[in-house]
A.B. asks: 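Dumping the structure here so I can ask a few things about it.
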Amino acid sequence: MEEFRFDQELSTDDNIKSFYFYLQNIDPDLAEILKANIGKLIPLPPQGSKRSDARIAFNRAVIDALETGTPFPGTDQ
Amino acid sequence: MKRYFLTSLQVEGFRGINNEGDPLTVRFRTDCINSIFGANAQGKSSLSEAICYAITGKIKKLEELPATERGREYYCNKFHSLGNASIVLKFASDDGTEEVAISVELSKGGARTVTSPSGHSDPQKFLEALNSQITLLDHQTFIDFVSDSPLIRGRSFASLLGLADLSIYRQALEVLSNSKNLNSDFSLEALAQRLEQAEVSLSKLITAMAPPYKALVGIELTAPFDVALTVAKATEALKGMPLIRDHLEKRDLMSVNFLDIRATIHREENGTKRERLAEILAIIRALDDLRPQDVEEAEFQKATALIAERDDFMARTNGDLFKSLYTTATKIMELEQWSNKYQCPACENIADEMLEPALREKLGAYEGVNAAQQKLAYHWKNAVWARRLLALESLESMGIKQEDRNYGFLDSYFRMGAASKEHLRDAISALTALELHRTITLDRINHERDSIESTLPPSLVALTEQVANASRLQELLGQYERQTILAHQLRSSLSLRKKWESFIGLAAKVFSLAEVELSTARTIAIETSYHSMYEKITNNPMIVPGLKKQGGTEELHLTLSQFYGLNDAPAAPLLSESHRNALAISIFLSSMLQSKAVPRFLILDDVTSSFDAGHQFALMELLRNEVGYPSNPSGPQIVLLSHDGLLEKYFDKMGSSVPNWHHQCLHGTPPVGPIICQFQDSNRVRDNASRFLQAGQVKPAEPYIRQYLEFKLLQVIRSVSIPVPFDFAIRDDRHMVSNCLEAITAAVMLHYKAKDLILTDPQFKNLTTIHVPALTANWIAHYETSRGSSISAYVLLGILDTIDQYAACFMFDCTCRVPGTPTRVYYKTLARKGCRC
């Protein structure tokens, strides 16, 4: 796969869009999950419990999305 | 996109600006570099802070004060009677079609209200848009840029290059791809462990099925294990037994009811011995299942290691009280109000290093204890040896009395992860004793079985044993199916999560590499520009600065690629303060101009503090000719604030001789009295003074009179080119009126004695015999000696007239500027008019 690069001529928003486009070529479902949930960590909370809480919320949403339709044993949550 | 220029700023009751009832108004020209001079403590920084607060809603230096300093209480002026603040910003669009006024009010209680007197539909959004277009730079920012750590510098630089958002994105992806975080949030290790256990369990079940299968079917259970085939063969074997054949009609091994089959056999045999034989066979089977397992030795070793690991973490902690202290201190350190990350919240001493990492390490030991305890508890819950201990003690045939049982006692420690080495040793001893008891019991029961079987018909004995084997096989197959489903779910879940782990890892890596590449490219792109600016400001080609971005991090290293022949030398220890400042300014300005989002406003507050006159001049020329609007059509509108006396002369000269330069001065008595912006507003000062005096209010009029006197005297000095003493600008500013009068009088007398004084005789006479004595007697004697008291309003009204008449002594009617129409102008010097008149 071709190497990903940011374009100096593009705005930050457009560069982020092209990054997601690149990820969609790798795995469209996972790229969509990342895109749908990254807002939980942007803007990035300061280091410490706020950032940990945001990360845990993000990862919980990812697990939910990954296992939709896939029954989960549910004993480790 | 429409561009807006700042046209005026009006401030009342904010920081050092009191101006109660008479807001300080500063006007900005859209087609000029705007400079504002104010001596120390004249409200200059308050102006910069007012713009900053209006746009961003906060002032960094107040927000960063320790909580005990209560920085938020110092936004509003402490001497304003209402205690609230008002800031009005006015803007004009570049096409001249729109004027926008935004008013920001701050109440005494801290409530902020944003409105638009000009009727803008969304003033808050307007300010938010400005926030990304304005850059406020001060001397401290530049000092920090050079002396900051590479990490902090990298962050501020990313923001300058318009890469801050990408940097934040990369950090977020790094957080998400961190393997430790992934492992804990996605339970990767726990899931893998559970899957492994489920697979081991399946293997054990196959092993356990082999003996009853062989006894029932007559052949070995072959690999690979096939559930359907096993069920089919076992069902076929059962169907071959005439007495129970009817029970298998339309049923197989998995659905047949063995209770019914046993009842049939019981009826056939019609005796209690058969019943006892079935019981005995079940007991034998249960005892046989509880024989020691190979895995137990490894489990004992693991339990020993887990206890040692927990004890190791435990030794690094100081008990619950300290845990509570560390947790609370960490929470305080995370608060925005606790800005000094080196200061201990408990004792308020300042440490050499940031406290948060040390606190996290302390808390990490507690987390380690907790994690080790959880692992030990998990081990206890799932270990084969612990299950066997419980089963052996509970098995009725073992006959262990309640008071002799150990499991309950051990469980109370192990399930909390609190068991000691001694507890483990006791558990192993108990298990060894139980094993001995199990073999003795098994021998006894086997003996009883042999005894009963010898008294029963052989056919029924064989049938009973085969039914027992089939029942056992049914039970094991049921367990096998359940374990198979669980293993499948675990495998699927783990596979999805592992897939995410590699996806997010790849995403973070790809993003980071792309960001480093872009950042490096932008850094290289500004290299020529900041080299050029730096050389122009310092006029020193022997020093060539360089910026190096560390790949995969936010760090930005500041070096000198050339320093008088030395290569790659560090910048911070080698550069003088003025050169550091010049370097930081060059980098900031170059970055700003290179950035896609060029700031529309650049406010520079005292950025030349460490510069000598040459460097100041070079920087000002750079700003005027290359950076700022209008010379650079896409450059920012520049506002320069300075307290520097040398720079003031430059500003003054530029303001009066260059068309694209607009200069103003701040004068006043902040933070109690008013401040005025002298250039356009001198008449307003006179009017204010006059208004108060007419009303008989002497005290409020005094600051205005003083400002008006200073303004008029400085105007004479500037206009007539009166020489002033070397220390003029740095003398006690309370004596500014007498300093000015002395300087002017000395110059006049010098020219008078040299017989080249341009003043007319009446002017000279009025000056020396009427106006100077009047100003001395009615103002200086009362207000500059600290001995006098206030004088009457009428006398002070006279002072206003006197200073106007005094200034008029240095003026004449010029008829050559506008032929036929006399224009009242100042003499060029005390020796000549400076025109053709």
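Letters go in sequence order (proteins before strands), and every chain restarts at 1. All figures in this text were calculated on a predicted structure; none of them were measured in a lab.
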A.B. asks: Quick check on the 6.0 Å ring-centre criterion: do A/F4 and B/F511 meet it?
C.D. replies: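 Between A/F4 and B/F511, the centre distance exceeds or equals 6.0 Å.
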A.B. asks: Between A/R55 and B/D185, is there a side-chain N and carboxylate O pair less than 4.0 Å apart?
C.D. replies: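 Answer for the salt bridge query: yes.
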A.B. asks: May I ask you to decide whether B/E174 forms a salt bridge with B/R170, counting only side-chain N to carboxylate O separations under 4.0 Å?
C.D. replies: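 Answer for the salt bridge query: yes.
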A.B. asks: Taking side chain as everything from C-beta outward and backbone as N, CA, C, O, which of these in A/F6 sits under 4.5 Å from a heavy atom of chain B? Side chain, backbone, both or neither.
C.D. replies: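 Backbone plus side chain of A/F6, per the 4.5 Å heavy-atom cut-off to chain B.
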A.B. asks: Measure from the side-chain N and O atoms of B/N183 to the backbone N and O of B/E189, and report whether any donor-acceptor pair falls under 3.5 Å.
C.D. replies: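 Such a contact is found between B/N183 side chain and B/E189 backbone.
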A.B. asks: Could you have a look at A/P43, A/A31, A/P45, A/A54 and say which one has the most heavy-atom pairs with chain B under 4.5 angstrom?
C.D. replies: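 Among the listed options, the one with the most contacts to chain B is A/A31.
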A.B. asks: Identify which part of A/I42 has an atom lying under 4.5 Å from any heavy atom of chain B, answering side chain, backbone, both or neither.
C.D. replies: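 The side chain, not the backbone.
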A.B. asks: Please identify, among B/N178, B/L173, B/N181, the residue contributing the most non-hydrogen atom pairs under 4.5 Å to chain A.
C.D. replies: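 It is B/N181.
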A.B. asks: Could you check which of B/A514, B/A521, B/A507 has the highest count of heavy-atom pairs closer than 4.5 Å to chain A?
C.D. replies: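 The candidate making the most pairs under 4.5 Å is B/A514.
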A.B. asks: Centre of A/Y20's six-membered ring, under 6.0 Å away, within 45 degrees of the axis: is that where NZ or CZ of A/K35 sits?
C.D. replies: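 Verdict for A/Y20: a cation-pi partner in A/K35.
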A.B. asks: Would you please test B/K331 and A/S49 for side-chain contact (heavy atoms from CB on, under 4.5 Å) and show each step?
C.D. replies: CA-CA 8 Å; B/K331 282 183 182 167; A/S49 58; 5.8 Å; no
A.B. asks: Counting heavy-atom pairs closer than 4.5 Å to chain B, which one of A/I38, A/D27, A/I16 comes out on top?
C.D. replies: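 Highest number of heavy-atom pairs under 4.5 Å: A/I16.
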A.B. asks: Would you mind telling me which of B/T330, B/I504, B/L182, B/V510 has the largest number of heavy-atom pairs within less than 4.5 Å of chain A?
C.D. replies: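 Sorted descending by pairs with chain A, the first entry is B/V510.
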A.B. asks: Go through the atoms of B/L513 and report whether side chain, backbone, both or neither lie under 4.5 Å from a heavy atom of chain A.
C.D. replies: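 Neither; nothing under 4.5 Å.
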A.B. asks: Report which part of B/I485 has an atom under 4.5 Å of a heavy atom belonging to chain A: side chain, backbone, both, or neither.
C.D. replies: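 No part of B/I485 comes within 4.5 Å of chain A.
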A.B. asks: Are side-chain N/O atoms of A/N37 and A/K40 paired as donor and acceptor at under 3.5 Å?
C.D. replies: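 The answer is yes; a qualifying pair exists.
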